[in-house]
**Q** 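Handing you this structure, nothing more for now.
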Amino acid sequence: MKKIMIKTAVAGLMLAGVTACSDELNISSVDPQSSMSADPIELLAKQYATLAVTGQAGPAGKGDISDDEGESGFYRTIFNLETLCSDECIWAWQNDDDIPAITNIAWSKDSKRARWAYMRMAFDVTLFNSFLTDNASRTEGEWPHYLAEVRFLRALHFYYYLDLFHKAPFKLEYDPSVLPVEKGGKDLYDWIDQELTEIEGLLAPIGEYNSSANFGRADQGAAYALHARLALNSEIYTDGAIKDYQKAIDYCNKVINSGKYAISTATNANGYTGYEQVFMGDNDVNQQAMKEIIFPIRQDGKKTEEYAGSTYLVSSMRVSGMPYSGTSNYWSCNFARQSLVQKFFNDLTKVPMVDKDAYEEYTKTHTISTEADVIAADEVLGGSTAKMIQVAGDDRAMFYAGVGGGIRTLTTKQITGFLNGLSIVKWQNRRSDNSTPSDASFSDTDIPLFRLAEMYLTRAEAQYRLGGNDAQAIEDVNVLRNRAHATPITSINLDMLIEEWCREFYMEGRRRSDLVRFGLFTGSKYIWDFKGGVSAGTSVDKRFNVYPIPATDVSNNPNMTQNVGY
């Protein structure tokens, strides 16, 4: 089988010229059909590379989209719309474009960040359509797999359109003269459901690419995982017309019972926990971490330099002076909301923070100028990640509140900077074997877009919602709690499930979607800090359960209509 070098930015594909799915979008003129000198397999690599990179020349240059290139990447745009508005984190610099509106859940039809996500997905779908249109008749060799893989990537993008916007500019062939039509709600759900069903038999067998050679390609496991996620959200996506909880269970069973994947459980010789290793810089070669990852976005500090993938995740959550940083690139942007910390510490007085008076007393006799000095100070004053995990009784409590980079507060009434909350250190560029990262500025850490843990929690929730099998749901939740060395649960309810989704998957770009499914994102049933624009939180209107269709698209494409309330 010919290997697809996904981690290599396809420099040979200097594609020049194609309009996007909707020609009103401000997308660079890049046409996959205008220059077909590239090998078709290289072009397949480009389909995957668009998940990881934003243009043709490293982190910034010849960008796919004519806007802020770093902000326009696939994962970063989705992560921001799913996470920055949720109960997980706050963007420190509230003067940045559209950030207050996202932080406070108060965006409008002119939301720049919603437009960036919409544009990126439109560009990618155009790329996929071009590949599929040009190669539709290919049946020899591995071509059925290649075509099915790109159909999966296209279905994945339409899934995110459905999740974020509840509709999509829908088009399945490459033809710049034809505008996409609007497809949403149950119609779009049914299409994704049918498309995944059709391609599942065409993809490589489940777990086929869970190896170093082809890690990052989509096989049946990726399609099953997406199908399970789609089905779990069926009631929301179809406005109550469908409740496909049994289908979610069936697809989870296909993945879990395949024997091709395993939860990363073992603490390694260097002291890194099983959970921690899934989010480290060598998670594409560490066999234990790889076995949990069903489908990753590949990243490499040298070969996929980017500002919109895991470099964003690592750098945005660190400030210069923090120990064990694994990077020289400190953006100091995202810090934990109080509500996230409360998922691990019911009593906030138990959070091991640095006391300012004790810090001042300590510095009278100690100099803190090196990483070793910071580590030593944290041992005495508290705030280390190891202490957080110990006190929380949960390996997933990967926060830092030590002296590195400055003294943090746990809560804030006004957002003034990065030290307004705990630092989140779940995403790392460090390697579990303690070897050196390939680059100090860009991250090696692959992004697990789907991992086995999701299948356990999906099955647990679906079992509970169907009723009659709480024992199986409890067992599935405890698979993850046992891995985290957290106290097992003995009973289950929806409140516990939504909390567990956060504890296991915080900062993985899905929290808004989960809160919407539980009826907690809008309204007043669940309030968190700065929801609705006040420090204590307040209710928000139900229209914010979906994002607006960009005003430019509504204006320029007569097939598209605006979402209610915008």
Side-chain angles (χ1 to χ4, degrees), residues 82-83 86-88 159 163 221-222 224-237 243-258 261-265 273-275 278-279 289 291-296 340 343-344 394-398 426 447-467 469-521 526:
E82 293 281 8
T83 309
S86 79
D87 57 348
E88 292 186 348
Y159 165 81
D163 184 72
Y224 294 162
L226 176 56
H227 220 147
R229 185 184 292 183
L230 177 75
L232 184 65
N233 288 282
S234 57
E235 188 173 1
I236 298 298
Y237 295 158
K243 297 181 181 180
D244 266 342
Y245 298 124
Q246 185 58 54
K247 181 176 286 186
I249 293 168
D250 292 343
Y251 276 105
C252 289
N253 287 339
K254 285 177 181 286
V255 176
I256 294 169
N257 298 338
S258 70
Y261 308 100
I263 296 294
S264 174
T265 58
T273 68
Y275 184 79
V278 176
F279 308 98
K291 278 295 182 183
E292 181 164 337
I293 300 171
I294 298 171
F295 181 72
L340 174 59
K343 302 297 182 288
F344 296 93
D394 193 318
D395 290 350
R396 301 170 294 187
M398 298 191 67
K426 172 175 172 174
I447 299 170
L449 202 61
F450 294 95
R451 57 187 180 93
L452 185 60
E454 179 181 348
M455 299 299 96
Y456 279 102
L457 269 187
T458 296
R459 189 168 72 177
E461 182 184 330
Q463 292 279 14
Y464 181 79
R465 289 185 183 276
L466 275 179
N469 201 354
D470 285 6
Q472 178 65 66
I474 291 169
E475 181 180 332
D476 284 343
V477 172
N478 281 336
V479 167
L480 305 183
R481 292 189 64 82
N482 290 337
R483 182 261 289 275
H485 300 100
T487 303
I489 62 169
T490 56
S491 62
I492 195 167
N493 57 48
L494 290 177
D495 289 341
M496 189 284 304
L497 280 166
I498 189 61
E499 297 281 283
E500 199 64 27
W501 274 112
C502 186
R503 282 187 285 265
E504 180 67 29
F505 285 97
Y506 69 96
M507 305 307 284
E508 292 187 51
R510 61 170 296 140
R511 183 59 172 171
R512 182 207 64 89
S513 181
D514 291 332
L515 289 170
V516 169
R517 187 172 68 255
F518 280 76
L520 299 175
F521 185 67
Y526 174 41

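No hydrogens, no waters, no symmetry mates; every other heavy atom, side chains included, goes into these values.
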**Q** Does D514 reach the side chain of L520, with side-chain heavy atoms less than 4.5 Å apart?
**A** no

**Q** Between E88 and M507, is there a donor-acceptor pair closer than 3.5 Å when you use the side chain of the first and the backbone of the second?
**A** yes

**Q** Would the distance check show the side chain of Y275 and the main-chain N or O of D394 forming a donor-acceptor pair, the cut-off being under 3.5 Å?
**A** no

**Q** Answer whether the closest heavy-atom distance between the side chains of F279 and M398 falls below 4.5 Å.
**A** no

**Q** Can you tell if the side chain of L494 reaches within under 4.5 Å of the side chain of R465, non-hydrogen atoms only?
**A** yes

**Q** Does any part of the side chain of D250, heavy atoms only, come nearer than 4.5 Å to the side chain of K254, both counted from C-beta?
**A** no

**Q** Is a donor on one side and an acceptor on the other found under 3.5 Å between the side chain of D163 and the backbone of Y159?
**A** no

**Q** Side chains of I249 and L466: does their closest heavy-atom pair fall under 4.5 Å?
**A** yes

**Q** If you round to the nearest 0.5 Å, how far is SG of C252 from NZ of K247?
**A** 13.0 Å

**Q** Looking at every heavy atom in both A228 and T458, which two are closest together, and how far apart are they?
**A** O-CG2, 4.0 Å

**Q** With K291, which residues qualify under side-chain contact (heavy atoms from CB on, under 4.5 Å), at least two apart?
**A** N210, A262

**Q** In Å and rounded to the nearest 0.5 Å, what is the CG to CZ distance from N253 to R459?
**A** 5.0 Å

**Q** Under a plain distance cut-off of 3.5 Å, with no hydrogens placed, do D470 and Y464 share a side-chain donor-acceptor pair?
**A** no

**Q** Write down the atom of P488, the atom of N478, and the distance for their closest heavy-atom approach.
**A** CA-OD1, 3.3 Å

**Q** Please test L452 against I256 for side-chain contact (heavy atoms from CB on, under 4.5 Å), starting from the C-alpha separation and ending with a verdict.
**A** CA-CA 7 Å; L452 185 60; I256 294 169; 4.0 Å; yes

**Q** How close do A231 and A248 get, counting heavy atoms only, and between which atoms?
**A** CB-N, 3.6 Å

**Q** Roughly how far, to the nearest 0.5 Å, is CG of D244 from CG of L230?
**A** 8.0 Å

**Q** To the nearest 0.5 Å, how far apart are CD1 in I294 and CD in E454?
**A** 7.5 Å

**Q** Using only atom types and a distance under 3.5 Å, with no angle test, would you say the side chain of S86 pairs donor to acceptor with the backbone of T83?
**A** yes

**Q** Does a salt bridge link E461 with R517, judged by any charged N lying under 4.0 Å from a carboxylate O?
**A** yes

**Q** Is it the case that the ring center of F344 lies less than 6.0 angstrom away from the ring center of Y506?
**A** yes

**Q** At what distance, to the nearest 0.5 angstrom, does CG of L480 lie from CD1 of I263?
**A** 5.5 Å

**Q** Could you tell me whether the side chain of F518 reaches within less than 4.5 Å of the side chain of Y526, counting heavy atoms only?
**A** no

**Q** Is it possible for you to check whether R451 lies under 6.0 Å from the centre of the six-membered ring of F505, through NZ or CZ, and within 45° of that ring's axis?
**A** yes

**Q** For a quick test of reading the model, state the closest non-hydrogen atom pair linking A225 to V255 and the distance between them.
**A** N-CG2, 4.4 Å

**Q** Can you confirm whether K243 is buried at NZ, in the sense that more than 12 heavy atoms of other residues, nucleotides or ligands lie under 6.0 Å from that atom?
**A** no

**Q** Salt bridge check, R510 against E504: does any charged N sit closer than 4.0 Å to a carboxylate O?
**A** no

**Q** Under the side-chain hydrogen bond (donor to acceptor under 3.5 Å, both in side chains) rule, collect the residues that match up with R511, sequence neighbours excluded.
**A** D87

**Q** For the residue pair A222 and F295, what are the closest heavy atoms and their distance?
**A** CB-CB, 3.9 Å

**Q** At their closest point, which heavy atom of A460 faces which heavy atom of V477, and how far apart are they?
**A** CB-CG2, 3.8 Å

**Q** Please round to the nearest 0.5 Å and tell me the distance separating atom NE2 of H485 and atom CZ of R396.
**A** 11.5 Å

**Q** May I ask you to test the R483-E292 pair for a side-chain heavy-atom distance under 4.5 Å?
**A** yes

**Q** Just jot down the ring-ring contact (aromatic ring centres under 6.0 Å, His included) partners of Y224, sequence neighbours excluded, or say none.
**A** Y251

**Q** Counting C-beta onward and ignoring hydrogens, is there a side-chain heavy-atom pair between I474 and T490 closer than 4.5 Å?
**A** no

**Q** Check whether Y456 forms a cation-pi arrangement with R481 (NZ or CZ under 6.0 Å from the six-membered ring centre, at most 45° off the ring normal).
**A** no

**Q** Has R503 got a side-chain atom pairing as donor or acceptor with K343's backbone, closer than 3.5 angstrom?
**A** yes

